[in-house]
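Everything below concerns the one structure shown next.
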Protein chains: 2
Amino acid sequence: MLEAVSQLNTYISVDCVVFGYDAEKLNVLLVERTLSDDEPMPDFQPDWTLTGNHVYEGETIKEAATRVVFNLTGISDLYLEQFKTFADPGRLLKPKDQKWLRSIGKNPEERVVSIGYFALLATQDVSLKWMGRRVKWTPVKKVGQLGFDHNEILEQAMDALRNKMKHEPIGFGLLPEKFTLTQLQTVYEQIFDTRFDKRNFRKKVNRMKYVIPLNEKQKGVPHKPAQLYMFSREVFEKTKKELFDFVI
Amino acid sequence: MLEAVSQLNTYISVDCVVFGYDAEKLNVLLVERTLSDDEPMPDFQPDWTLTGNHVYEGETIKEAATRVVFNLTGISDLYLEQFKTFADPGRLLKPKDQKWLRSIGKNPEERVVSIGYFALLATQDVSLKWMGRRVKWTPVKKVGQLGFDHNEILEQAMDALRNKMKHEPIGFGLLPEKFTLTQLQTVYEQIFDTRFDKRNFRKKVNRMKYVIPLNEKQKGVPHKPAQLYMFSREVFEKTKKELFDFVI
DNA sequence: TTTACTTATTGTATTATATACACTAAGTAG
DNA sequence: CTACTTAGTGTATATAATACAATAAGTAAA
């Protein structure tokens with residue numbers, strides 16, 4: 001991955017909401033926010049934030065987001081989408097945020113624009129990289145109070161994810177390359193917090209010619225093994241219908 | 001409208017793609033880019049750009065976008081949506097852009113983040129305000145080369161508009177409050193560059209209980225006057241179906 | 001080997017929506 | 001009253017949505 005030699009821009013950052021699905025639930029990647037060891041600030045309790053960084057001069061914002069995700073996961077080939085930008089005055093004005101900004105030598109008055117990206121992957125494809133700070137998966141439903149305005153950013157990312165998933169075949173980004181139909185159904189049930197009828201769900205998938213059955217079955221399960229499938233974006237692009245599937 | 005006393009931030013701007021529909025075609029609001037009169041730069045030919053401005057310190061980015069649109073149109077109650085942010089290095093590096101930036105005393109090296117909004121309105125509801133620069137409606141299909149990276153921004157706005165219109169009832173934002181079904185159909189035909197069957201289109205609209213017939217007909221037309229309708233967002237919110245109208 | 005257990009897989013009937021297609025109705029203008 | 005223009009409507013067929021329950025294919029334990 002690109003290792004920019006140029007300087008970090010101080011007022012443009014990207015925040016990445018990295019969603020990881022683990023066959024049961026949707027998780028989000030968080031990093032611990034601490035002060036550097038030599039900072040004498042005993043009242044600063046470490047807490048958690050989304051992953052993000054400022055952009056290098058000379059780097060595009062998408063490159064910056066890709067770099068952030070790559071540095072933590074080692075993955076660069078994933079679904080990554082810019083969903084919203086956060087630039088309001090007051091977004092970094094909580095006392096704890098101000099304290100942290102000062103501690104790393106930033107001007108806490110400076111207005112920082114943060115461009116939000118969300119990324120999708122299957123947690124089983126990832127081993128988290130230690131980048132000098134603790135990193136963890138947290139179930140989205142159990143995320144507590146985050147640093148900065150990151151709870152807001154996470155919420156907006158969830159909205160964007162749900163919206164996109166309603167109309168584009170991106171749920172596959174949360175599954176391993178080979179998956180079962182039950183796994184696929186469960187992804188949608190988890191994210192939309194609902195249940196579907198199995199037969200009707202499969203009828204629907206059946207019509208989608210880009211969900212392709214493989215000559216392979218699940219292994220190592222203590223019950224009837226399920227058929228494995230893969231997603232083909234190529235077939236999707238070729239077979240998708242245009243229009244009149246729209247709302248007025 | 002808010003008249004900020006604070007200073008303009010130099011590196012955060014909003015660009016507004018103001019779409020106006022005029023019963024025939026989709027237009028976009030452009031402003032002329034000139035040098036101030038006392039600038040001795042005879043080789044700078046005026047050209048056109050989208051409408052935009054930097055944000056005031058203390059102002060949210062949505063407020064800034066609302067202000068920009070209000071100042072040109074006098075309208076503040078319209079559909080306005082953040083669709084994408086443009087912050088790549090090199091987006092303002094064309095010689096003409098550099099010349100212009102220098103002429104207004106900006107550092108042309110500074111990296112400027114521009115947050116893109118698009119807005120919808122019916123041109124007949126608007127009388128353009130003279131803000132010291134020429135302003136005009138241009139048919140989207142006839143837009144030539146714009147200043148800065150505004151052709152790129154316009155294209156992305158069109159993409160966002162089409163996408164949103166496929167799944168949300170926002171087409172009404174381009175029509176006057178009372179409209180005919182033919183007008184509604186034409187909006188969609190223009191924007192998606194296609195034709196629909198009149199009977200099928202009306203059957204579809206008929207099922208949408210939030211498109212409400214009024215006790216009123218078109219006036220002053222030299223043929224059978226059409227029934228007028230209105231859109232009710234309230235009814236829409238109450239009657240919209242949840243889920244399973246999704247793509248896997 | 002048999003039984004219990006678990007998850008995978010499948011079909012039918014009903015209703016709603018999509019699509020293709022052409023004629024009549026209600027105005028104005030001359 | 002005739003010509004012109006746009007508004008408004010119905011039917012038949014195919015596809016998709018929805019509600020609903022029994023059988024199949026494995027493993028694990030008796």
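To find a chain, count down the sequence lines: A is the first, B the second, and so on, and within it residues start at 1.
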Could you check how far CD of A/Q183 sits from C1' of C/dT7, rounded to whole Å? 12 Å
Please test B/L128 against B/L29 for side chain to side chain contact (heavy atoms under 4.5 Å, CB included), starting from the C-alpha separation and ending with a verdict. CA-CA 9 Å; B/L128 297 181; B/L29 197 57; 3.6 Å; yes
Show the distances under 3.5 angstrom between N or O atoms of the protein and N or O atoms of nucleotides 22-29 of chain D.
residue, atom, partner, partner atom, Å
D/dT27, O4', A/P222, O, 3.4

Please list all pairs passing the side chain to side chain donor-acceptor pair (under 3.5 Å) test where one or both residues lie in residues 115-130 of chain B, with sequence neighbours left out. none
When rounded to whole Å, the CG to P distance for the pair B/L184 and D/dT6 reads 18 Å
Between A/F172 and A/F179, is the ring centroid distance below 6.0 Å? yes
Indicate, with a heavy-atom threshold strictly under 4.0 Å, whether B/T182 touches base, sugar-phosphate, or nothing. sugar-phosphate
Checking B/R33 against B/F148: charged group under 6.0 Å from the ring centre and within 45 degrees of the axis? yes
pair B/L154-B/V143: side-chain heavy atoms closer than 4.5 Å: yes
Side chain to side chain donor-acceptor pair (under 3.5 Å) pairs, two or more places apart, involving residues 217-228 of chain A: none
For the pair made of CZ in B/R207 and C1' in C/dA16, what is the distance, rounded to whole Å? 8 Å
Closer than 4.0 Å, any side-chain N/O of A/R202 to the OP1 or OP2 of C/dG11? no
Kindly compute the distance separating OG (B/S13) from CZ (B/F86), expressed to the nearest 0.5 Å. 11.0 Å
Which part of the nucleic acid, if any, lies within contact of B/Q227, taking any heavy atom under 4.0 Å across all strands shown: a base, the sugar-phosphate backbone alone, or nothing? sugar-phosphate
From CZ of A/F196 over to C1' of C/dA8, roughly how many Å is that when rounded to an integer? 19 Å
d(B/M230 CE, B/L228 CG) to nearest 0.5 Å is 12.0 Å
Could you tell me the separation between the NZ atom of A/K204 and the C1' atom of C/dT17, rounded to a whole number of Å? 13 Å
Mind jotting down which residue pairs meet the side chain to side chain donor-acceptor pair (under 3.5 Å) criterion with at least one end in residues 132-149 of chain A? Sequence neighbours excluded, please. A/E32-A/R134, A/R91-A/D149
Stems where DNA chain C pairs, listed by first number, each of three or more Watson-Crick or G-U pairs under 3.5 Å: C:1-30 with D:1-30
Whole angstroms only, please: what is the CD-P distance between B/E24 and D/dT6? 12 Å
Within this structure, what is the CG-to-P distance between B/N206 and C/dA18, rounded to whole angstrom? 13 Å
Does any non-hydrogen side-chain atom of A/C16 lie less than 4.5 Å from one of A/F118? no
Extract from the structure each pairing of a protein N or O with an N or O of nucleotides 20-23 of chain C at less than 3.5 Å, listing the distance.
residue, atom, partner, partner atom, Å
C/dA20, N7, B/N200, ND2, 3.0
C/dA20, N6, B/N200, OD1, 3.3
C/dA20, N6, B/K203, NZ, 3.0
C/dC21, N4, B/D197, OD2, 3.2
C/dC21, N4, B/R199, NE, 3.4
C/dC21, N4, B/N200, OD1, 3.4

Take atom CD in B/E216; do more than 12 heavy atoms of anything else shown fall under 6.0 Å from it? yes
Length of the CZ-P vector between B/F201 and D/dT9, whole Å: 15 Å
